[in-house]
Amino acid sequence: MKLVVNKIIPFNNYYLICFFGNIYIKLKSYKRWLKNEEKGANQKSKNHEMTHVKQAIKCHNSWICYYSHYVWLWMKNLPLINGFKMPYKFVEFELEAYAHENDDNYNVVHKDGTDEWKMFKKLTLKQKKQFYKQYKESKLTFSNFINEVIIPSMK
């Protein structure tokens, strides 16, 4: 994946965004990226964004299909009612990416694409809201919260 440094994307306070197979980072965050790169601390972010690439492969190998589906999933989380953080965090694509961002082998093993996100479709909006509230009250990272709380509750 190519790293694209620019002044606009990603919007708001997001650090990175995967857009059509490239990682976009704002110029003001690029210095932090370089420092983290020297320390080898960007792998988690790279894993997360690469999972989105693998998800797009499973969406008919089409970024248009992937983004259309992503926006639909986000809209189903009612951002105008629930704010913008919860709908983003509980998009099924994000749940999978966060769940595996610490696993350096996940995207290697799933070279032909990932679709574990589909298991999160079972979650109702009510459950997502409850999990989000629980997550905010916990001291866990979102990645650990998914793996230690959400996934076990789905079994």
Side-chain angles (χ1 to χ4, degrees), residues 1-74 77 79 82-121 123 128 131-132 134-152 154:
M1 281 192 299
K2 181 180 166 189
L3 184 68
V4 179
V5 181
N6 69 96
K7 293 183 179 181
I8 301 169
I9 302 172
F11 306 110
N12 297 330
N13 293 324
Y14 293 105
Y15 182 54
L16 299 170
I17 187 172
C18 178
F19 198 58
F20 291 98
N22 296 312
I23 297 177
Y24 283 76
I25 188 169
K26 281 187 188 167
L27 184 59
K28 69 179 185 178
S29 301
Y30 186 56
K31 207 180 267 188
R32 181 171 127 206
W33 174 270
L34 292 174
K35 284 182 185 176
N36 286 343
E37 195 66 20
E38 286 175 12
K39 296 186 262 181
N42 286 333
Q43 192 57 43
K44 179 174 151 179
S45 296
K46 290 176 185 178
N47 289 344
H48 181 102
E49 300 306 332
M50 183 53 81
T51 298
H52 292 313
V53 171
K54 300 300 183 170
Q55 292 164 340
I57 290 170
K58 283 289 188 168
C59 285
H60 309 290
N61 208 13
S62 166
W63 285 105
I64 301 302
C65 288
Y66 173 75
Y67 289 125
S68 298
H69 200 134
Y70 189 107
V71 168
W72 169 247
L73 294 171
W74 182 74
N77 289 335
N82 296 314
F84 292 102
K85 283 280 191 199
M86 189 287 287
Y88 160 73
K89 292 241 187 231
F90 282 87
V91 166
E92 288 82 345
F93 291 129
E94 293 298 339
L95 288 167
E96 179 185 17
Y98 277 107
H100 297 288
E101 66 186 11
N102 293 311
D103 182 353
D104 292 341
N105 292 318
Y106 187 71
N107 292 304
V108 174
V109 170
H110 294 89
K111 66 180 184 272
D112 296 326
T114 66
D115 60 0
E116 187 178 294
W117 60 271
K118 291 178 181 178
M119 80 171 182
F120 295 109
K121 286 183 139 197
L123 294 173
K128 290 175 182 182
F131 278 132
Y132 186 64
Q134 206 177 335
Y135 160 68
K136 289 193 318 186
E137 294 170 353
S138 79
K139 295 193 187 308
L140 296 170
T141 64
F142 194 57
S143 177
N144 288 342
F145 185 80
I146 295 166
N147 289 307
E148 295 174 24
V149 178
I150 296 175
I151 293 175
M154 296 177 71

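These figures come from a predicted structure and were not determined experimentally.
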- With no hydrogens and no angle check, is any side-chain donor or acceptor of Tyr135 less than 3.5 Å from a backbone partner on Ile146? no
- Measure the shortest side-chain to side-chain distance between Ser143 and Asn147 over non-hydrogen atoms and say whether it is less than 4.5 angstrom. yes
- Message: Is any side-chain heavy atom of Phe145 closer than 4.5 Å to one of Tyr98?
- Response: no
- Note on the structure: So OG1 of Thr51 and CG of Leu95: to nearest 0.5 Å the spacing works out to 12.5 Å
- Query: On the ring face of Tyr15, is Lys46 found with NZ or CZ under 6.0 Å from the centre and within 45° of the axis?
  - Reply: no
- Task: Decide side-chain contact (heavy atoms from CB on, under 4.5 Å) for Ile150 and Leu123; before the verdict, give the C-alpha distance in whole Å, the side-chain angles of both, and the deciding distance to 0.1 Å.
- Result: CA-CA 9 Å; Ile150 296 175; Leu123 294 173; 4.1 Å; yes
- Name all residues meeting the side chain to side chain donor-acceptor pair (under 3.5 Å) criterion together with Asn47; count only those two or more places apart in sequence or in a different chain, and write none if there are none. Gln43, Asp104
- Between Tyr14 and Leu16, is any pair of side-chain heavy atoms under 4.5 Å apart? no
- Item | side chain to side chain donor-acceptor pair (under 3.5 Å) against Lys26, all qualifying residues, sequence neighbours excluded | none
- Side chain proximity check, Glu49 to Glu101, heavy atoms < 4.5 angstrom: no
- Residues at least two apart in sequence or cross-chain that pass side chain to side chain donor-acceptor pair (under 3.5 Å) with Ser138, listed by chain then number, are none
- Item | Residues that Lys58 engages under salt bridge (charged side-chain N to carboxylate O under 4.0 Å, His left out), provided they are two or more places apart | none
- Message: Set out, in order, the CA-CA distance, both residues' side-chain angles and the distance that settles side-chain contact (heavy atoms from CB on, under 4.5 Å) for Phe93 and Cys59, then state yes or no.
- Response: CA-CA 11 Å; Phe93 291 129; Cys59 285; 3.9 Å; yes
- Query: What closest approach, in Å, do Lys111 and Ile57 show between heavy atoms, and which atom pair accounts for it?
  - Reply: O-CD1, 4.1 Å
- Item | Non-hydrogen atoms of Cys65 and His60 that approach each other most closely | SG-CD2, 4.2 Å
- What is the distance from atom CE of Met50 to atom SG of Cys18, rounded to the nearest 0.5 Å? 8.0 Å
- Task: Output the distance between atom CD (Glu116) and atom NE2 (His110), rounded to the nearest 0.5 Å.
- Result: 6.5 Å
- Stepwise side-chain contact (heavy atoms from CB on, under 4.5 Å) test for Lys28 and Lys7: CA-CA 8 Å; Lys28 69 179 185 178; Lys7 293 183 179 181; over 6 Å; no
- Shortest non-hydrogen contact from Gln55 toward Ala97: NE2-N, 4.2 Å
- Item | Contact check, side chains of Trp63 and Val53, non-hydrogen atoms, under 4.5 Å | yes
- Compute the ring centroids of Phe120 and Phe90, then answer whether they are less than 6.0 Å apart. no
- Query: Looking at CG of Asn22 and CG of Leu3, how far apart are the two atoms once the value is rounded to the nearest 0.5 Å?
  - Reply: 9.0 Å
- Item | Minimum side-chain heavy-atom gap Tyr106-Thr114 below 4.5 Å | yes
- So which pairs with a foot in residues 90-99 pass salt bridge (charged side-chain N to carboxylate O under 4.0 Å, His left out), sequence neighbours left out? Glu92-Lys128
- Query: Of all residues at least two apart in sequence or in a different chain, which pass the side-chain contact (heavy atoms from CB on, under 4.5 Å) check with Leu34?
  - Reply: Tyr30
- CH2 of Trp33 to CD1 of Ile25, rounded to nearest 0.5 Å, is 6.0 Å
- Message: Looking at Phe142, I'd like to know if the NZ or CZ of Lys89 sits under 6.0 Å from its six-membered ring centre while staying within 45 degrees of the ring's axis.
- Response: yes
- Item | From Asp115 atom CG to Trp117 atom CH2, the distance as rounded to the nearest 0.5 Å | 7.5 Å
